[in-house]
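In what follows, residues are counted from 1 in the order of the sequence shown.
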Amino acid sequence: MKQNTSPYFPKAGQPAPASTRRQWLQATAAGMLACSTALQAQPAGKGAGAKAAAGAPVATVVQIVDMSADQQDISRDLVVGARAAWQAFNAQGGLKGRPVLHRVLETDGSADSLQAAWQATRKDSSCVALAGCTGNTVAAGVIAQQAQSTADERLAHMAPWLQNADTVLDDASFPIFADHHAQIEHALKSLAVMGVRELGVVYASPAARTASKGELERTSQALKLRLVTLPAGASLTATAQQLPAQAPSILLFMGGTPELAQFMQGMKGRKTQHFVVAMADANLQTLAQLGTLTSTAPVVVTQTVPLVNAGLPVVRAYRDAMVRYYDEPPTPQSLAGFIGARYAITVLQGLDAAPTRQNVLAACQRRNPLDLGGFQVRFDGNKRSGHYVTQSMLSPDGRVVG
């Protein structure tokens with residue numbers, strides 16, 4: 001576990017990171033560990049007519065993130081979006097004139113690393129909540145850690161990037177983004193409406209197959225879609241190169257960005273037209289920058305937030321903050337980080353007293369409907385509010401089409 005303390009793709013004139021984003025992306029695609037470029041809040045800008053928060057932070061909100069090789073591209077974007085939201089909030093006065101400290105704790109995907117991050121969070125008396133923890137292993141691990149904690153130690157676990165629909169939620173977790181069940185259902189329904197009756201399925205790993213196979217089969221049967229599990233090659237690149245001649249034209253890919261990049265590398269040079277459909281853990285911006293695109297296999301990705309060019313107030317605020325604080329193109333993942341932070345901010349703003357672990361958790365447990373600038377939070381009987389799903393397509397020339 002490591003606390004981030006160095007810049008991440010800062011604006012011009014600020015210190016440069018240790019390596020470029022493209023170098024990091026290339027390393028990720030090759031399966032290497034990422035450079036440990038860390039993340040730190042940059043000096044807060046001042047919004048028009050707003051007075052920046054001053055003095056000691058009124059509270060700390062912690063974001064625990066998985067920086068292992070298969071999760072770091074998602075984690076980095078989620079953190080950037082969250083940073084932008086907290087910086088904008090503090091620049092506009094923070095919580096009653098005082099800033100809220102947003103602290104990021106990195107893990108390497110291991111149980112020991114998560115345990116260390118949790119212990120550091122638990123012992124931090126200034127920490128009143130967790131927000132935006134990512135990826136799925138970390139989010140589920142936090143739930144497991146909290147189950148062993150005392151009542152005074154429990155923290156509101158807001159807007160985790162929790163993709164696994166089978167994770168049993170506790171009374172302290174408040175997921176606001178659609179899980180794999182909702183994403184799969186949306187993707188398959190969209191294809192069924194288009195008249196598609198047969199899908200090829202590529203699992204990035206045995207773990208991905210275990211996590212997704214049951215849900216895919218249940219949903220496809222309900223929609224009368226036939227699934228064809230494609231044979232795995234020695235690598236994902238080989239799997240793509242060795243696709244059977246009779247493989248369906250629509251390929252559903254179950255895995256993250258590095259694995260999808262490897263698969264798309266193998267799709268280059270194929271003469272047969274295919275469409276590749278992936279879930280929200282795939283980062284379109286990363287795929288475009290890695291140069292793995294091909295005209296014979298456009299990529300469609302489900303996403304659990306509005307399109308980054310939508311006219312919703314929260315999306316406009318996100319784009320404004322990204323322009324102000326980061327030289328980074330907008331992505332669905334950084335928008336999700338921004339929205340997750342805005343959810344936490346809205347909860348803090350609704351408190352009648354200074355934030356504590358107890359009153360923040362109690363406020364979340366009321367599960368009041370919230371309108372986050374056009375993104376609706378509405379918890380259902382399963383303690384989830386993740387119902388929003390849409391799709392974007394990455395064209396062969398790198399354009400994202402909503």
Side-chain angles (χ1 to χ4, degrees), residues 74 135-136 161-167 175-232 236 239-240 243-244 246-257 259-261 263-264 267 272-284 287 296-307 332-333 336 376 378 380-382 384-395 400-402:
I74 299 294
N136 189 77
W161 191 252
L162 185 64
Q163 298 290 289
N164 191 340
D166 294 330
T167 300
I176 66 172
F177 302 117
D179 56 31
H180 268 168
H181 169 82
Q183 294 173 46
I184 289 170
E185 185 175 55
H186 179 91
L188 296 191
K189 280 184 176 179
S190 298
L191 294 169
V193 169
M194 293 168 55
V196 175
R197 286 291 171 260
E198 184 178 70
L199 294 173
V201 182
V202 177
Y203 295 103
S205 65
R209 181 186 179 104
T210 299
S212 307
K213 185 174 184 291
E215 190 60 56
L216 275 174
E217 290 179 345
R218 287 191 295 271
T219 306
S220 62
Q221 288 173 4
L223 296 173
K224 296 180 171 57
L225 291 171
R226 178 173 177 261
L227 296 182
V228 178
T229 300
L230 298 172
L236 286 167
T239 297
L243 284 178
Q246 69 276 20
S249 59
I250 307 292
L251 306 177
L252 195 62
F253 186 87
M254 305 305 296
T257 311
E259 297 95 342
L260 181 56
F263 181 77
M264 294 304 297
M267 295 297 288
T272 309
Q273 180 80 33
H274 292 279
F275 282 86
V276 180
V277 181
M279 299 293 104
D281 266 338
N283 190 321
L284 289 180
L287 290 173
T296 59
V299 180
V300 178
V301 172
T302 63
Q303 61 185 70
T304 60
V305 294
L307 300 178
Q333 288 79 19
Q376 305 297 322
R378 298 284 188 275
D380 59 21
N382 295 319
R384 292 180 180 269
S385 176
H387 308 295
Y388 186 96
V389 185
T390 187
Q391 290 177 309
S392 293
M393 184 177 78
L394 189 62
S395 66
V400 177
V401 182

If every non-hydrogen atom of [X] is compared with every non-hydrogen atom of [Y], which pair is closest and at what distance?
X      : Y      : value
Val276 : Ala297 : CG2-CB, 4.3 Å
Gly255 : Ala204 : CA-CB, 3.7 Å
Pro298 : Gln273 : CD-NE2, 3.4 Å
Ser385 : Gln376 : OG-O, 4.1 Å
Ala247 : Leu230 : CB-CD2, 4.1 Å
Leu225 : Leu188 : CD1-O, 3.7 Å

Not counting sequence neighbours, which residues clear side chain to side chain contact (heavy atoms under 4.5 Å, CB included) with His387? List them please.
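By the side chain to side chain contact (heavy atoms under 4.5 Å, CB included) rule, His387 matches Asp380.
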Got a donor-acceptor contact below 3.5 angstrom from the [X] side chain to the [Y] backbone?
X      : Y      : result
Asn283 : Thr257 : no
Asp179 : His181 : yes
Gln183 : Ala278 : no
Gln333 : Leu284 : no
Gln303 : Pro306 : yes
Glu259 : Gly256 : yes

Side chain to side chain, [X] and [Y], heavy atoms closer than 4.5 Å:
X      : Y      : result
Val196 : Phe275 : no
His274 : Met267 : yes
Gln391 : Val277 : yes
Ser392 : Leu307 : yes
Val305 : Pro332 : yes

Report the distance from atom [atom1] of [X] to atom [atom2] of [Y], rounding to the nearest 0.5 Å.
X      : Y      : atom1 : atom2 : answer
Leu251 : Leu243 : CG    : CG    : 6.0 Å
Ile250 : Glu198 : CD1   : CD    : 10.5 Å
Arg197 : Lys224 : CZ    : NZ    : 9.0 Å
Asp281 : Leu260 : CG    : CG    : 11.0 Å
Thr302 : Met279 : OG1   : CE    : 4.5 Å
Met254 : Lys213 : CE    : NZ    : 13.0 Å

Please walk me through it: do Leu199 and Val228 pass side chain to side chain contact (heavy atoms under 4.5 Å, CB included)?
CA-CA 6 Å; Leu199 294 173; Val228 178; over 6 Å; no
Holding to ring-ring contact (aromatic ring centres under 6.0 Å, His included), I want the full list of residues that pass it with Phe253, two or more places apart in sequence or in another chain.
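Once residues adjacent in sequence are excluded, the partners of Phe253 under the ring-ring contact (aromatic ring centres under 6.0 Å, His included) criterion are Phe263.
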